[in-house]
Amino acid sequence: MSDSLVPETRVLAIASHVVYGHVGNKMATLVMQLLGCDVAALNTVHFSNHTGYRQFKGTRATAEEIRTLYEGLCQNYLTDFDVMLSGYAPSAAAVEVVGDIGKDLQRKAASKPGSFFWVLDPVMGDQGRLYVNNDVVPAYKKIIPHADLILPNQFEAEVLAGLEIASLSNLAEAITTIHKVYNIPHVIITSVQLAKLTSTAEPTTNPNTNPLTVIGSTITSTGLPRLFRIDVPALDCFFSGTGDMFAALTVARLREAVFTAADPDLKNRKSWVSGDEVPATELPLAKAAEKVLASMHDVLEKTMEARDAELAATSSSSILTSDEASEEEKQKREHLRLPRRRRCGW
């Protein structure tokens with residue numbers, strides 16, 4: 001059902017696609033459509049399923065294929081987008097083409113400030129390692145200055161800032177550096193485990209009391225950060241597609257927050273940057289992130305409940321005792337039945 005508070009929004013979503021499951025554009029498109037957005041999905045890969053299954057089939061779109069699809073939209077004057085959401089790109093050349101698309105849409109909207117907004121998720125890696133080729137990193141660094149909002153996770157923020165986030169103080173330093181180096185108006189670091197940083201509250205032996213933290217910022221007119229923090233209870237489970245869900249919800253909720261802001265001119269201002277008098281906690285980005293995280297926590301709790309019920313109904317005994325399956329096949333099926341158990345990072 002559409003949310004009447006979210007204004008009419010036309011979105012170009014450039015990300016991956018899977019036949020089975022909900023990650024990439026499969027997740028983002030659904031979420032934005034449920035909130036009333038009109039979504040045009042340009043898929044950068046076509047896989048049978050997400051790569052967490054260990055095996056998958058499919059193809060990666062070349063940079064030229066991505067460019068050609070966009071040229072087809074341009075030929076038919078189908079580029080009247082309010083927002084572009086860009087996610088996974090399979091190569092450095094593909095990242096460059098996504099950048100070209102974003103810049104072209106910005107040129108088309110240049111006469112009407114605030115009429116186009118680019119949300120960029122710089123998908124490069126997580127948990128301390130890259131899962132893209134090394135040349136993808138400089139490609140992202142080249143296009144990020146043209147975006148309005150970026151959504152790196154902690155590892156990606158470290159890569160962009162060129163420093164390890166090991167304390168609250170250099171977490172703030174990282175965001176300040178990202179604002180300054182890339183001239184990016186808005187940043188949200190989508191998953192920070194404060195309990196693993198120094199200069200935090202006393203550690204606890206109970207992992208469920210260590211929340212995941214989202215840190216965001218909108219710059220002032222002088223380029224200084226306005227930092228806000230939102231803590232979310234961590235769930236003892238691994239979920240795929242949460243980053244895509246976060247990005248998609250942010251598109252809708254940020255539009256809502258901007259269009260209902262106390263300053264009616266905000267929606268007509270470049271990059272939707274609030275005046276310096278607006279405190280961090282009152283920023284549209286902060287208000288949007290709060291709603292996004294509340295929705296995600298509710299959805300993921302329900303997902304865990306459904307998972308537990310399904311696992312209880314389909315015990316592993318039938319898989320492991322099947323006379324027809326080889327030992328290798330039994331292990332494979334058990335891996336696919338049981339989700340990888342670790343604390344979820346968004």
Side-chain angles (χ1 to χ4, degrees), residues 13-17 23-25 28 42-45 47 50-52 59-67 70 84-104 106 118-166 170-193 196-197 214-217 219 225 240-244 246-247 250 345-346:
I14 306 179
S16 60
H17 171 80
V23 299
N25 260 345
L42 198 167
N43 299 321
T44 58
V45 305
F47 288 164
H50 72 77
T51 56
T59 59
R60 295 171 171 85
T62 66
E64 191 54 37
E65 287 169 339
I66 296 170
R67 189 184 301 277
Y70 179 69
M84 185 171 96
L85 171 60
S86 60
Y88 177 74
S91 66
V95 171
E96 292 173 7
V97 170
V98 170
D100 290 341
I101 293 171
K103 288 183 283 185
D104 188 59
Q106 288 173 333
W118 179 5
V119 180
L120 188 159
D121 185 359
V123 181
M124 296 183 288
D126 199 4
Q127 302 295 313
R129 68 179 184 90
L130 290 173
Y131 45 65
V132 296
N133 292 334
N134 289 335
D135 59 353
V136 170
V137 175
Y140 268 119
K141 289 182 176 181
K142 184 178 178 180
I143 71 169
I144 283 173
H146 300 281
D148 298 293
L149 164 64
I150 61 169
L151 305 172
N153 59 35
Q154 181 176 336
F155 172 70
E156 291 159 346
E158 291 174 334
V159 170
L160 294 175
L163 60 89
E164 181 183 359
I165 297 174
N170 60 23
L171 173 59
E173 181 185 354
I175 292 182
T176 302
T177 299
I178 290 170
H179 276 312
K180 182 177 180 180
V181 171
Y182 302 99
N183 195 31
I184 188 78
H186 308 276
V187 179
I188 295 180
I189 300 181
T190 56
S191 58
V192 179
Q193 292 194 15
K196 293 184 177 180
L197 304 184
V214 166
I215 305 287
S217 172
I219 57 168
S240 296
T242 51
D244 306 301
F246 183 95
T250 298
W346 298 348

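Everything numeric in this text was worked out from a predicted model, so none of it was measured. Starting from 1, each residue takes its place in the sequence as its number.
Looking at every heavy atom in both residues, V136 comes nearest to A92 through CG2-N, 3.6 Å. In terms of heavy-atom proximity, S16 sits nearest to T44 at N-OG1, 3.4 Å. Nearest heavy-atom pair across A89 and V95 is CB-CG2, 3.7 Å. The shortest heavy-atom contact between E158 and I165 is OE2-N, 2.8 Å. For A63 against A94, the heavy-atom pair with the smallest separation is CB-N, 3.8 Å. The two atoms that bring L85 and A247 nearest to each other are CD1-CB, 3.8 Å, heavy atoms only.
For the pair L149 and T250, the minimum side-chain heavy-atom distance is below 4.5 Å. Two residues are said to be in side-chain contact when any heavy atoms from C-beta on lie closer than 4.5 Å; V97 and Y70 fail this criterion. Between H146 and L120 the shortest side-chain heavy-atom distance does not fall below 4.5 Å.
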Enumerate, atom names and distances included, each donor-acceptor pair closer than 3.5 Å involving a side-chain atom of residues 171-183, sequence neighbours excluded.
residue : atom : partner : partner atom : Å
T176    : OG1  : A172    : O            : 2.9
T177    : OG1  : E173    : O            : 2.8
H179    : ND1  : I184    : O            : 2.7
H179    : NE2  : S217    : OG           : 2.8
Y182    : OH   : L160    : O            : 2.8

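A donor-acceptor pair under 3.5 Å is absent between the side-chain atoms of Q154 and the main chain of V192, judged by distance alone. Under the 3.5 Å distance criterion, the side-chain polar atoms of E156 are matched with a main-chain donor or acceptor of G125. Under the 3.5 Å distance criterion, the side-chain polar atoms of D121 are left unmatched by any main-chain donor or acceptor of G87.
Under the rule for a side chain to side chain contact (heavy atoms under 4.5 Å, CB included), the partners of A61 that lie at least two apart in sequence or sit in another chain are E65, I66. For N133, the side chain to side chain donor-acceptor pair (under 3.5 Å) criterion is met by no residue, not counting sequence neighbours. Shown here are the side chain to side chain donor-acceptor pair (under 3.5 Å) partners of N25, two or more places apart in sequence or in another chain: N43. Residues passing the side chain to side chain contact (heavy atoms under 4.5 Å, CB included) test with V159 are M124, V137, F155, sequence neighbours excluded.
Separation of atoms CD1 (I188) and CG (N153) is listed at 13.0 Å; rounding is to 0.5 Å. Rounding to the nearest 0.5 angstrom, the gap separating the CD atom in Q106 from the CG atom in D148 is 6.0 Å. Rounding to the nearest 0.5 Å gives a distance of 12.5 Å between CG of L42 and NE2 of H17.
Legend: side chain to side chain donor-acceptor pair (under 3.5 Å) pairs involving residues 85-100, not counting sequence neighbours, sorted by first then second residue: R67-D100, S86-W118.
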